[in-house]
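Quick note on labels: first sequence line is chain A, next is B, and so on, each numbered from 1.
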Amino acid sequence: MDKAYTPKSFEETTYTSWEKAGYFTPKKENGKEPFCVILPLPNANGDLHLGHAMFTIEDIMIRYHRMKGDVTLWQPGFDHAGFETQFVFEKFLAKQGKSRFDYTRDDLYKAIWDFTQANRGTMESQLRRMGFSLDWQRLRFPLDPEVIAIVYKTFKKMHDEGLIYRGERLVNYCTKCGTSFSDLEVKHVEQIDPLYYIKYGPFVLATVRPETKFGDTAVAVHPEDKRYNSWIGKEIEFEGLNGPVQLQVVGDEVVDPAFGTGVVKVTPAHDMTDYEIGKRHNLPSLQVIGFDGKLTAVAGPYAGLRVKAARAKVVEDMKARGMIDHVDEAYVHTVGTCYKCGTVLEPLPMSQWFVKIRPLADRAIAAIEKKDVSFVPQRFEKTAAQWLTDFHDWNISRQIVWGIRIPAWHCQSCAKNNPEKSWIITDGSTPTSCPTCKGVDLVQDTDTFDTWFSSSQWPFATLQANSDKTDFETFYPTSVMETGYDILPWWVCRMLMVGLFVTGKVPFKKVYLHGLVRDAKGQKMSKSKGNVVNPIKMVDLYGADALRMALVFGAAAGNDISLSEDKIRGMRNFANKLWNIARLFLMNTELIKELPFYDKTMDKDLVQSDIEMIKKLETTVKMTTKYMDTYRYSDAAQTVYDFTWHALADEYLEQNKERFKQGDANALSVYRHILLTLLQLLHPFMPFITEHMWGQLPRKQYEPLIISSWPTV
RNA sequence: GGGCGUAUAGCUCAGCUGGUAGAGCGUUUCAUUGACAUUGAAAAGGUCUCAGGUUCGAGUCCUGAUACGCCCACCA
């Protein structure tokens, strides 16, 4: 062995040798336990960050189970990440002075495809550098034809069972990005705006959005509010900016008599609450704001102005005419913004495809209650159930090109006569004629699915799409879903719902959630703070094993992890310690060639300190195994770390140096036995150094460490 | 307005089903040529946020308080 521990000199070659030998591919044998983890799919384009580096926990599970002899699969995949990727691509286009509008639909799709293909290698090689033992032969992508077919089948099944509906509803729409979002994608931010108290005939009412007044179709008060309830059912009349206005007064429970003046203008087309009021009272809806973010013809002379400019102009004109009672300049409230570009989202009426959530969510809640799926740490059971209780219907239409196009066709002739039946849903095949009217003028929906609609099917979709057709049967439900707690609602809950719906079974039996990786001071890492740690740079400096160990050491499930370069360096020092433990052993070049292998029968010839060491090793094996089986990887790592450095190196080796020097075969046998066992215990955590050292030591098991059997007592 | 979490050594954090406090990093002193200065030996350093309660016994369970953090939410 080299004098110095230089991870760079063997990490990549070690990985290649594993991969070439096919050790990442499960060897299916009857009677053996399956163990399967689905990789939380990273975006196909983009660099590896510490969140991805946390997949280390999955690799630990996988390597442990592989060594235990289970039929083990870690299923890789990348996400096309529809909106995210299109957003990145548009920025890339903007740099060249172009925009998506310079392309036809097909050309844009192809351009993004090429863009993604050009970048995807980065992530793949970086995951390899971390040592992740993913079965690359099974790599999947949501836009693979096999996966698309499955996604279509799911959509059709949902539709056939009445869980899909198309509805004109208010959606969260970003006028800059040009697409709608699901509720989860809305980022609420607090902001300060003026609250205008406007005169509406006999009333004064408060609003932050005077520019939407042209879309008012009623005024609402609380039914019990004595100040106003005699007006309910009557009409008010007053002079508006664009002439006389007549509005009916409705009574609705949602109106808070204590807020503002207790009177609300109702604008069903531009406010979620108003939309609901409108539905309850059959109010018409007038769209004042268009999808381009400008006022529509409904606003009369204000048409064509952007929202912000329109608000200023409307306020100015109202002031001039004495229509404003007063203004509260510092009103604090929250608005929904686009999580990507920060633009204030407009609730706009739009026809979209929705998934009815209640039946799906209720089933998922039942699965949690029945313990068909359980969580580590357990408290997330409650969180998940809470989320599943709160979900609204899921808008799965996106007005973007980069994604799976929705398999729905609109019959143009039915649209005129029979709007109810004008949509044709298929399993992906193009319909030739309308089943209702036999018409042939069919136009496919231009929208694509929300990315999460396909990712929610990932566990069964990957396994079913794989070329080994027994994968689904062998591995589903998968063993563990390991991911960050931040995507519990986005991904974990949705996989549960959709997995249960399609397969009748939970997609995974266990959910292990890790925390966010933070900096040395426990602060969130961000580019602006300049405290972002680049994992690949750390791998270059200290080796992948050190980074992996640093991420696991002292990290409890579900809690945030604080990572510093000091900590990584500390773990590199541990690797170096391990390295030197082997070097000390190997100094006895001649003797160890003929050295007998330790077994229990040797105990009678051993001295007390040898016996004690063997006992300590056995305890370590037991403890580590117990911790591995109970998902306590930090405890497992600390147990082996402590034994290696303090019990073995500091005590046993220091005290027995003389015996080794004198060629005490018993002592050396014990030494080797302990060392080899340690390499096995440490392998899931530090795969590279352990495999490399294993290869340098004379041993009984000749197969590589990665497929050696986990030690038992 | 709801939900969840955290308060343990200078710093960052472990401590599972209750039994006389642990790790990594940092600090101090000393040592060191069969491995390793990416080292070893020793040491300093904690009334486990506070107040009650359960218990023979609580950092660990219960109640309350205080502080901080995160997530969610259609009060215009």
Side-chain angles (χ1 to χ4, degrees), chain A residues 1 3-5 170 172 183-184 186 188 193 195-198 205-210 212 219-220 254-267 270-277 331 333-336 347 377 379-380 382-383 385-387 389-392 485-486 488-489 515-516 518-524 542 546 549-550 553-556 558-588 626-627 630-632 634-635 637-639 641-642 645-646 649-651 653-654 657-658 660-662:
Chain A
M1 272 171 73
K3 181 165 168 39
Y5 163 59
L170 284 198
N172 313 293
D183 292 340
L184 282 183
V186 178
H188 290 90
D193 279 309
L195 180 64
Y196 302 96
Y197 285 79
I198 305 176
L205 56 79
T207 180
V208 283
R209 305 210 58 185
T212 63
V219 162
V254 300
V255 179
D256 178 0
F259 184 88
T261 58
V263 186
V264 189
K265 71 191 200 62
V266 183
T267 323
H270 298 291
D271 183 279
M272 298 292 180
T273 311
D274 293 7
Y275 180 79
E276 295 298 324
I277 297 176
Y331 173 59
H333 66 145
T334 56
V335 295
R379 66 168 185 273
F380 283 108
K382 235 198 237 170
T383 314
Q386 184 68 43
W387 269 107
T389 309
D390 288 348
F391 276 138
H392 300 316
Y485 64 71
D486 51 327
L488 176 67
L516 259 53
R518 295 167 173 274
D519 77 0
K521 290 173 190 152
Q523 289 182 313
K524 210 167 177 172
Y542 305 108
M549 198 66 169
F553 213 77
N559 287 358
D560 290 350
I561 296 133
S562 143
L563 183 77
S564 60
E565 195 164 337
D566 271 347
K567 189 173 179 186
I568 302 169
R569 205 178 289 127
M571 293 304 148
R572 188 274 318 265
N573 294 354
F574 173 66
N576 184 65
K577 191 67 176 177
L578 190 65
W579 184 265
N580 280 289
I581 290 173
R583 288 188 64 228
L584 177 65
F585 174 77
L586 289 169
M587 288 177 85
N588 307 279
K626 189 188 111 193
Y627 287 139
T630 49
Y631 306 93
R632 298 171 57 151
S634 171
D635 290 324
Q638 296 214 31
T639 302
Y641 177 102
D642 190 59
W645 201 318
H646 303 118
D650 290 349
E651 288 172 30
L653 298 187
E654 291 293 344
K657 271 185 182 175
E658 270 312 303
F660 305 139
K661 199 173 183 179
Q662 286 159 13

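rC13(B) atom P lies 15 Å from atom CD1 of Ile568(A), rounded to whole Å. To the nearest angstrom, C1' of rA76(B) lies 8 Å from CG of Leu195(A). We find that CZ of Phe660(A) is positioned 15 Å from C1' of rC36(B), with the value rounded to whole Å. Rounded to an integer number of Å, the gap from CG of Asp560(A) to P of rA7(B) is 12 Å. Distance, Met549(A) CE to rU38(B) P: 20 Å, rounded to whole Å. Rounded to a whole Å, the CG atom of Leu653(A) is 11 Å from the C1' atom of rC36(B). Following rounding to the nearest Å, Leu488(A) (CG) and rG5(B) (P) show an atom-to-atom distance of 13 Å. The distance from atom CG of Asn559(A) to atom C1' of rG15(B) is 12 Å, rounded to the nearest whole Å.
Taking the P atom of each, rU49(B) and rU12(B) are spaced 15 Å apart, rounded to whole Å. Separating the C1' atom of rG46(B) from that of rG22(B) is a span of 11 Å, rounded to the nearest Å. rA35(B) sits 15 Å from rU39(B) when the P atoms are compared, rounded to a whole Å. Atom name P, nucleotides rU38(B) and rU27(B): the rounded distance is 14 Å, in whole Å. Here the separation of rU6(B) from rC48(B), taken at their C1' atoms, is 14 Å to the nearest Å. rA21(B) and rU28(B) are spaced 28 Å apart, taking the P atom of each and rounding to whole Å. Only the C1' atoms considered, rA42(B) is 37 Å distant from rC50(B), to the nearest whole Å. Distance check on atom P: rG69(B) versus rC30(B) gives 44 Å, rounded to whole Å.
Taken together, the paired segments of RNA chain B that extend over three or more consecutive Watson-Crick or G-U pairs, each closer than 3.5 Å at both contacts, are B:1-7 with B:66-72, B:10-13 with B:22-25, B:27-31 with B:39-43, B:49-53 with B:61-65.
A close approach under 4.0 Å does occur between a side-chain nitrogen or oxygen of His188(A) and OP1 or OP2 of rA73(B). When the side-chain nitrogen and oxygen atoms of Lys382(A) are compared with OP1 and OP2 of rG3(B), none of them lie within a distance under 4.0 Å. For rA35(B), the OP1/OP2 oxygens have no side-chain nitrogen or oxygen of Tyr5(A) closer than 4.0 Å.
In this structure the side chain of Met1(A) reaches within 4.5 angstrom of the side chain of Arg583(A), judged on heavy atoms. For the pair Phe660(A)/Met587(A), no side-chain contact is recorded, criterion being any heavy-atom separation below 4.5 Å from C-beta on. Using a 4.5 Å cut-off on side-chain heavy atoms (C-beta onward), Tyr627(A) and Gln638(A) make no contact.
Defined by atom type and a distance below 3.5 Å, a donor-acceptor pair is present between the side-chain atoms of Thr212(A) and Lys265(A). Residues Tyr485(A) and Asn559(A) have side chains that never bring a donor and an acceptor to within less than 3.5 angstrom of each other.
In this structure, the nucleotide among rU39(B), rC75(B), rA14(B) sitting nearest to the side chain of Asp635(A) is rA14(B). Distance from the side chain of Ala556(A) is smallest to rA14(B) among rA14(B), rA73(B), rC4(B). The side chain of Lys577(A) has rC36(B) as its nearest neighbour among rA73(B), rC36(B), rC72(B). If you check rC36(B), rA14(B), rC4(B) against the side chain of Arg583(A), the one that comes closest is rC36(B). Proximity note for Ser562(A) (side chain, C-beta onward) versus rA35(B), rA14(B), rU12(B): the nearest is rU12(B). Of the candidate nucleotides rA41(B), rA14(B), rC16(B), rA41(B) has the atom nearest to the side chain of Asp650(A).
The base of rA35(B) sits with one of its N or O atoms less than 3.5 Å from a complementary donor or acceptor on the side chain of Glu654(A). Evaluation of atom-type donor-acceptor distances gives no pair under 3.5 Å for the side chain of Gln386(A) against the base of rC71(B).
To the nearest 0.5 Å, the span separating CG on Asn573(A) from CG on Leu578(A) amounts to 12.5 Å. Distance OH/Tyr542(A) to CG/Asn576(A): 13.0 Å, rounded to 0.5 Å. Atoms CE and OG, from Met549(A) and Ser634(A) in turn, are 9.0 Å apart once rounded to the nearest 0.5 Å. For the atom pair OG (Ser564(A)) and CG (Asp519(A)), the distance works out to 9.0 Å, reported to the nearest 0.5 Å.
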Quiz prompt | Contact state string [nucleotides 18-25 of chain B, B base, S sugar-phosphate only, - no protein heavy atom under 4.0 Å] | solution = -----SSS
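Comparing Lys524(A) and Leu586(A), the nucleotide of RNA chain B nearest to each residue sits closer to the 5' end for Leu586(A). Between Gly522(A) and Lys3(A), the residue whose closest nucleotide on RNA chain B is further toward the 5' end is Gly522(A).
Here His333(A) pairs with Tyr331(A) under the ring-ring contact (aromatic ring centres under 6.0 Å, His included) rule; sequence neighbours left out.
For the pair Leu205(A) and Thr261(A), the tightest heavy-atom approach, listed with the atom from each and the gap, is CA-OG1, 3.4 Å.
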